[in-house]
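A short worksheet on the structure shown next.
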Amino acid sequence: MYLEIQQAVRERFVQAVRQLFGIELAEPVLGYPPSSRLGELSIASCFELARALRQSPRQIAEQLAPRLVPLDGIERVSVAGAGYLNFHLDRALLAQAVFRHRASETGEGRSRAAEGISAGAESAEAAARAAKILVEHTSINPNKAAHIGHLRNAVLGDTFARLLRYRGRPVEVQNYIDNTGVQVADVVVGFIHLEKKSLAEVRRLIDDPSLRFDYYCWDLYARVFQWYDGHPESLAWRAAALKDIEEGRGEPAAVAEAVSTAIVRLHLATMRRLNIDYDLLVRESEILRLNFWSRAFELLKSRGALRYEDAGKNRGCWVMSLAGNGRSPGEETAADSGPGEEEAEEDIKIIVRSNGTVTYVGKDIAYHLWKFGLLGEDFGYEPFHTCPDGHVIWRTAVEDRRDGRAPAFGRASAAYVVIDTRQAYLQGVVAAALRALGYSAQADNLHHFAYQVVNLSLRAAADLGMEVTEEDRVRDYVEVSGRKGSGVKADDLIDLLMRRARDEVQARAMTEDRAEQEASAGQIAVAALRYFLLKYTRRSIITFDFQEALAFEGETGPYLQYSVVRARNIFRKFRDAHPEFSEARPLEVPLEQLRTFLSGESGGDFWELVLGSAQLEMIVEQAIAGEEPATVAKYAFRLAQAFNNFYHRHRILAEPDAARQRFLLFVVDIVSRTLARSLELLGIEVPERM
RNA sequence: GCGCCUGUAGCUCAGUUGGAUAGAGCGGCAGACUUCGAAUCUGUAGGUCGGGGGUUCGAAUCCCUCCAGGCGCGCCA
C-alpha cells in the first residue's frame, strides 16, 4: 500500500508538471518532511524547476498543488517552506490497509511470501522479478571450526536471502566448499605426517563424541604452520598432498574427503543454531572431476578472452588482460620512454600456469559461468542433509542422484556473492572474464556483496589469552589468524551467549518450565548475536568486543524481542479478561473511529507507529537495492523504540473507553506483527516470555 | 607506484542516495517500578561532519586537493 502510494505520487507529479508547464521530468525522489505535522511525503523538485520557469519555487509549488489531488491514499497536499510540496496521507485508510496486510501474512518460516508475483505475471518487470537470484554465502574452508568472521558472512548472506524472498524473488542459497584446496591439504599433512594417523584413525576421531573434531583441526592447523616455520622443507608434503587431493588419489585424498565432509557437517550445525540454511553445497571436487574448467577454458580460448604468452616473465602461461582496470589513459600515451620493456606493465592476470594447472580464479570463472547457465555443463546432485523442517540441503556429486522431481540448480539471472572486501580484485577478474566472453549483462548482474572483516578489541584478545604486540596496541585492535589459531570460535561465542541468556532468564523467574527457559535463552542468544552482526553497515569494520556482543540492553536483539513480547503480553492479559476476544476474528475498527483517534490529541503518537509499520516493504526494497541488511535492523530498532515510548505513555488494559481501547489494541497489533516480521527477516525469533 | 574503502558527539556507529533544526546506542549526570513486568522510559550535557577549495537555490552526501588510517595489486587459495 505504502509503496503504491509513493509510486502514484511520483507519477502524478510528473504528469502535473507535463500538463502545466510542458516539461518532461524524471520521477522525483521522495523526501520526508521533518515532522508528520507537515505531511509524510515531500517533493523538492520545484527548486530545480525555478530556473527554467523563471518563477519562485513557492509559486511553482502553489500552482502544482491543486493538480496533485484527488489521489488515492492522499488526504491533501500542502506547500511548505520555500517551495516544498508535502503530501498528507489518509491516516485511517493506511492504518486499515496495513492491518489487513499484516494479518494476512502467513509468517511461515520457510514460506516464500509470493507477494508481487501473481501466477500469470506478464509484464517484463514481473518476469524479471520472477527470475531466480542466487546468493552464495558462508563458503568456509572445510578444515577447521568456524569463527566470528565467518558468522558475519553467513548472517549477512542469510538475511539478504530472507529479504529477497520476502519481496517475492525466487532465491537459491549456495555454499561453496573448497574441499580440494591447500587449507584442507594442510590439515591432511597434519594428520598424516605430524600425527602419523591412518584414515581409520582419523575416522575414529570424527566419530568420537567426546571431542569436537572441528576444534581439534583448528589446533592441528595451527600446529602445522608452526611446524612449517621450523621445517620449511616439509612444505613439499603440502604440495604432494595437494596434488593427490586434486586428483582424488590415495590416502591423502581419502583423508581430505573424510575431514572436509565431517567439518562441513559441523559448520552446518553451527549455522543452524543461528537459523541459517542452504539449498546447495557446491564442491570444488566436482568442478575438477567433471572437468568444468576444461569446458570454461575452451570457451575462454575460442572467444579470445585468454592469451598465450610465449615470451617474457609469464612465458608459458595463459593470461587475461584486465583493460580499463586502473591506469589512467594519459599515462599510457605519454609512454614514449622507449618501446618493449614497459609492455610488462599491462594489467594482466594469470589464469593457467606454465605447468598447465589452473589458478583459483580460473575455477571461480568456471563456477560463475555455471551459475548463469553459460557453461553448457551441469553437476550431478545428491541429498546431503535433511533439516528438521523437512528442507533438504543438496550437494554436488559426480553421479546424479536426483530421482523423481529434481530441483533445478543454477541458471540464475543474478548472483550475489558474499565475500569479504579483500576479494574485490578477484571478483573483478571474474566479472571481467564474463565481459570478455560477451556476457556483459551477466557481469552486470554479478554482485560482489562485499563486507569488512571482524577484528578483535584489545580487551577481547586479552580475554582470550592472546599475545598483544606493540603494533596491535597502536592500531587498537588485533587481527585474527587461522594460522596462529587465534580468534573467537563461533560455537564458543554462541555457548557464552547462551550461558548469559540463561542466567538472565532464570533471574527473572518468568517460568519454572526448564524447556521453555532453554528455548528462550537460545532465542535470546541468537538475537543478540545476529543483531550485533547486522547493525553495522557492511563497510564498517567490526572490532569484536565481548562486552558489546553480550549486551542485552540498548540497541540489541533482545531489546527488539522484548518489545514484541510486551505487545503480546497486552493481548494475553486482555484475552484473560475477555474470553470472547479471539485471535481468529480480526480486530475491526470502523474507519470513522480510526480517523478520530489518529487525528486526536495523541493522534501523533499512534500515527507514528502506524506509519512506521507501513514502511516495512519500502525499507526492505531499500535494503535490497543498497545491498545493506543493516537498513532493516536499524528500522526495526526505531520502530521498537517508538513502541516502547508509546507503551509508557498510554495505558491500554486500563483504558475506560471501550472504543478507544479497541483502537489502541489495533495499533499494538499492527506494530507487534510488523516488528515480529522484521525480526523474522533478520533471522530472529521471539520468545514466549521475557 | 597504481587501485578500492574509511574519517560524523568521550567511545561504537546511523544518516532515507543533494533537501527543511545532523541522529541513535553506550558511557556521564538527574529522574520514573503498588501499573500492560524497568531486558523499559524521561530529561540533560556533549558537534569547525578530518582540513581547504569548488559545483548548487541548498552539501555530512557530488567534484578537486591535502592530511590520517585500512585493504588489495602472487605461476597462493
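The structure presented is a predicted model; accordingly, all values stated were derived computationally and were not measured. Protein chains get the first letters and strands the later ones, always in sequence-line order, with residue 1 at the start of each. Just so you know, these numbers use all the heavy atoms, side chains as well, and skip hydrogens, waters and symmetry mates.
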Of the nucleotides B:G70, B:U35, B:C41, which one has an atom closest to the side chain of A:Arg475?
B:G70
Between B:C57, B:A39, B:U35, which nucleotide has the shortest distance from any of its atoms to the side chain of A:Arg51?
B:C57
Rounded P spacing from B:G23 to B:U16 in Å
13 Å
What contact category does A:Gln661 fall into here, base, sugar-phosphate, or nothing, at under 4.0 angstrom with non-hydrogen atoms?
nothing
Candidate nucleotides B:C71, B:U40, B:A39, ranked by approach to the side chain of A:Glu504 - the nearest
B:A39
Which pairs, protein N/O on one side and nucleotides 74-77 of chain B N/O on the other, fall under 3.5 Å?
from, atom 1, to, atom 2, distance (Å)
B:C75, O3', A:Arg353, NE, 3.0
B:C75, O2, A:Ser354, N, 3.2
B:C75, O2, A:Ser354, OG, 3.0
B:C75, N3, A:Ser354, OG, 2.7
B:C75, N4, A:Lys313, O, 3.2
B:C75, N4, A:Arg315, O, 3.4
B:C76, OP2, A:Arg353, NE, 3.0
B:C76, O3', A:Arg353, NH2, 3.2
B:A77, OP1, A:Arg353, NH2, 2.1
B:A77, OP2, A:Arg353, NH2, 2.8
B:A77, OP2, A:Tyr360, N, 3.3
B:A77, O3', A:Asp178, OD2, 3.1
B:A77, O2', A:Asp178, OD2, 3.1

Looking only at side-chain atoms of A:Ile570, point me to the closest of B:U40, B:C5, B:C36.
B:C36
If you pin A:Arg638 and A:Gln641 to their nearest nucleotides in RNA chain B, which one's is more 5'?
A:Arg638
What does A:Ile541 touch in the nucleic acid at a heavy-atom separation under 4.0 angstrom: a base, only the sugar-phosphate, or nothing?
sugar-phosphate
Would A:Arg566 and A:Phe643 count as a cation-pi pair here, with the cationic atom under 6.0 angstrom from the ring centre and within 45° of the axis?
no
If the C1' atom of B:A45 is compared with that of B:A9, how far apart are they to the nearest Å?
11 Å
Parallel under 30°, tilted from 30 to 60°, perpendicular over 60°: which one fits the rings of A:Phe663 and A:Phe666?
parallel
Which class fits the ring pair A:Phe47 and A:Tyr84: parallel under 30°, tilted 30 to 60°, perpendicular over 60°?
perpendicular
For RNA chain B, what string of dots and brackets results from 5' to 3' when Watson-Crick and G-U pairs need both distances under 3.5 Å, crossing pairs get [ ], and pairs with another strand get |?
(((((((..((((.....[...)))).(((((.......))))).....(((((..]....))))))))))))....
Tell me the interatomic distance from A:Glu553, atom CD, to B:C41, atom C1', rounded to whole angstroms.
13 Å
Pick the P atom in B:C5 and in B:G10, then give their distance to the nearest Å.
28 Å
From CG of A:Asp576 over to P of B:G37, roughly how many Å is that when rounded to an integer?
11 Å
Within the structure shown, what part of the strands sits under 4.0 Å from A:Arg651 by heavy-atom distance: base, sugar-phosphate, or nothing?
base
Distances under 3.5 Å between nitrogen or oxygen atoms of protein and nucleotides 16-23 of chain B:
from, atom 1, to, atom 2, distance (Å)
B:U16, O2', A:Gln622, NE2, 2.9
B:G19, O2', A:Tyr84, OH, 3.0
B:G19, O6, A:Ala44, O, 3.4
B:A20, O4', A:Tyr84, OH, 3.4
B:A20, N6, A:Ser42, OG, 3.3
B:A20, N6, A:Asn86, OD1, 2.9
B:A20, N1, A:Asn86, ND2, 3.4

How many Å lie between CG on A:Asp420 and C1' on B:C4, as a whole number?
13 Å
Nearest to the side chain of A:Arg508, which nucleotide is it out of B:A39, B:U40, B:U56?
B:A39
When all nucleic acid strands are considered with a 4.0 Å heavy-atom cut-off, which category describes A:Tyr647: base, sugar-phosphate, or nothing?
base
Please state how far atom CD1 in A:Ile684 lies from atom P in B:A39, giving the value in whole angstrom units.
19 Å
Salt bridge (charged side-chain N to carboxylate O under 4.0 Å, His left out) between A:Arg315 and A:Asp310: does it pass, once the steps are laid out?
CA-CA 5 Å; A:Arg315 184 188 170 138; A:Asp310 45 17; over 6 Å; no
Looking at A:Tyr451, I'd like to know if the NZ or CZ of A:Arg539 sits under 6.0 Å from its six-membered ring centre while staying within 45 degrees of the ring's axis.
no
Establish, for the pair A:Arg475 and A:Tyr477, whether the NZ or CZ atom is under 6.0 angstrom from the six-membered ring centre and no further than 45 degrees off its axis.
yes
Between B:C36, B:A39, B:G25, spot the one nearest the side chain of A:Leu653, thanks.
B:C36
With A:Tyr176, which of A:Arg283, A:Glu136, A:Glu284 fulfils side-chain hydrogen bond (donor to acceptor under 3.5 Å, both in side chains)?
A:Glu284
Does A:Thr631 or A:Arg649 map to a spot on RNA chain B nearer the 5' end, using the closest nucleotide for each?
A:Thr631
A:Tyr562 OH to B:A38 P, straight-line distance once rounded to whole Å
5 Å
Between A:Glu471 (CD) and B:G69 (P), how many Å, whole number?
13 Å
Using OP1 and OP2 only, check whether a side-chain N or O of A:Arg539 sits under 4.0 Å from B:G70.
no
Tell me yes or no: between the side chains of A:Gln615 and A:Tyr2, is some donor less than 3.5 Å from an acceptor?
yes
Within 45° cone and under 6.0 Å: A:Arg483 NZ/CZ vs A:Tyr221 ring
no
Distance between P atoms of B:G43 and B:G52 (Å, rounded)
34 Å
Would you mind telling me which of B:U12, B:C36, B:A38 lies closest to the side-chain atoms of A:Glu548?
B:U12
For B:G51 and B:C41, measure between their C1' atoms and round to the nearest Å.
41 Å
Pairwise C1' distance for B:U56 and B:C62, with rounding to whole Å:
10 Å
